[in-house]
Amino acid sequence: MPRGARIQPLPWPEVLFYRTVHISAVVYITWLVYSASREYDGALNIYAFERGWWWIGADKDVSNYEWHYFYKWFWVILPFYVGHFALSKIIEWNFVWMKRWVDLAYSGGVLLYLMGWQTILLFLGHCLAMYIVSFTRSFFICWIASLCLLMTLNIEFTYSLMQDWCCKDQDGKFYLLVYTLALTHLRYSSFCLEKCLPEVKGQSPSRKDNDKIKSDNTGPQQKDPHHEEEPLGTQVCGEGFVDLLFYVFYLPLFFTGPLLTFNFFRKQMNSPSSPGSKKTRPLLIGVARVLFWGMANEFLLHFLYFNAIQQNGALMQRLDLWTLAGVGYWSGQFFMNKYTVLYGVPASLARLENLDPPQGPRCVAYIYTYSEMWKYFDRGMYSFIKRYIFFPLGGSQGGVLRQTAASVACFTFVYLWHGSEYYVFLWTLFNFVGVVLERIAAVILDVPVVYNTERRYLSKEWIRRLHGFLAVPLFLMSAITAFCFFGGSSVGFIFYSRYISSGNFQALGTVYAILYCCVQSSMEIKENLYTSEKIKVS
């Protein structure tokens, strides 16, 4: 669909047909994954399972290390979160001017206890190095320093050096160090790059670009909670080194995010507190939602062993195409649910302190374009790369060539930040290609000759059908590259070889038809969401 175009409604029987196919396909492949989990239980890695909930009587798949680790970790840090909240409220009511000092002392003590002095010293070294570089007020030099520090997580020598010095043989502790250091890198980079933005003359985010971020994050015509007006409350956070540490080590968002860039963090910290009664109900709903998805994920892993199955390459080659589709589908849904929880728990705690972290990921089941996946999955990362990479390199106002070059820079950073491994390279490469192709298609559809020809010979309903049909190849490519990211390059190659390069045109045609129905169903959901958001605003 052209940019800014509303989705044309289709006759309700046709929409019902699309939704029926969509739902039926999901139910069918879910049943097949469940059956395969029971049938091949003995062929899967025994270390991928542990004893499940006693009342279910089934083993639980624990082969997704990230989920298994942080699900246990949240229970470890929960008492410290409670202590942070209680201390924060005492300070807020009595000594708000001391907030950054008390928060920093408490967070430092907690992190020292949980992670050790070597790890804290490593984090402080990164922060200090970047802070010193920021005195140059050079956006370019700050980025060079930021990338050099990021490469310490990608170079084998420095990686091993950190492991030997900080954690030695404690694999779980080193995993936490790498995970949190990567997030810390984004925060101290945001802090220091923010100081340099005014020096990038003529290249700071334009009003149109800022409006685009507002629309992406908050929906149509809503008031932007992240606008840059000067707050009227007590100045809790400034631009000194202590403020950098206060921002970087802010406990609720430290371990798993989501990322709140420094311009938003500072503005919200310095804003006067809003009455608690107005936010209690949505906050409780948000907490209940996060808890529900956390329990749903744990429940799901007792019955659907898609994580363990995709680690068995020989089994993946033997599965029928429908079951293979189910493994891919539930890998995506699980990934989305995982980050709904990993982002949702800390974000809920931060909202208790009147912060407004980015919302969690949208449901991937109705996202069928690359651009929307990038906008609405990790909104904090999207905000970071837009503000500090895409806009300074020209943004949407820089012409096609500069916009493409800016996109290359964005995806290069995403590749380095996620870890310079082959499967990450494939994932970022095809995501870049997908975003560029979507942009080219949008430009072509906006060309007057094409636009007028479509409307001369096709009705609005048939235009929507045509656009949905043309969206399927990119949708299929995005799914396969996502499977590569979830399970590694070998898993992505299995999906590619089984569905694309096998020469089975009947299977490919069936996949195309079902994905077309899914795209049309997703279009309808997207339009309904737009309408409901518009009603809320009005």
Which label fits [X] and [Y]: parallel for a plane angle under 30°, tilted from 30 to 60°, or perpendicular past 60°?
X    : Y    : answer
F303 : Y34  : tilted
F377 : F335 : parallel
Y81  : F74  : tilted
H302 : W53  : tilted
Y71  : W75  : perpendicular
Y188 : H185 : perpendicular

When the aromatic ring centroids of [X] and [Y] are compared, is their separation below 6.0 Å?
X    : Y    : answer
Y250 : H84  : yes
F49  : Y305 : yes
F413 : W143 : yes
Y69  : Y179 : no
F265 : F246 : yes
Y18  : Y516 : yes
Y159 : F174 : yes
W374 : F411 : yes
W293 : W67  : no

* Please determine if R19 and E524 form a salt bridge, counting it only when a charged side-chain N lies under 4.0 Å from a carboxylate O. =>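 E524 and R19: not salt-bridged.
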
Do [X] and [Y] have a side chain donor and acceptor closer than 3.5 Å?
X    : Y    : answer
S146 : S189 : yes
N504 : S502 : no
Y343 : D378 : yes

* Asked: Backbone N or O of N307 within a donor-acceptor pair of the N64 side chain at under 3.5 Å?
  ->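 No, because the side chain of N64 does not come within donor-acceptor range (under 3.5 Å) of the backbone of N307.
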
* To do: Spell out, as yes or no, whether a donor-acceptor pair under 3.5 Å connects the side chain of T152 to the backbone of L149.
  =>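 Yes, the answer is positive, given that a donor and an acceptor are paired below the 3.5 Å cut-off.
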
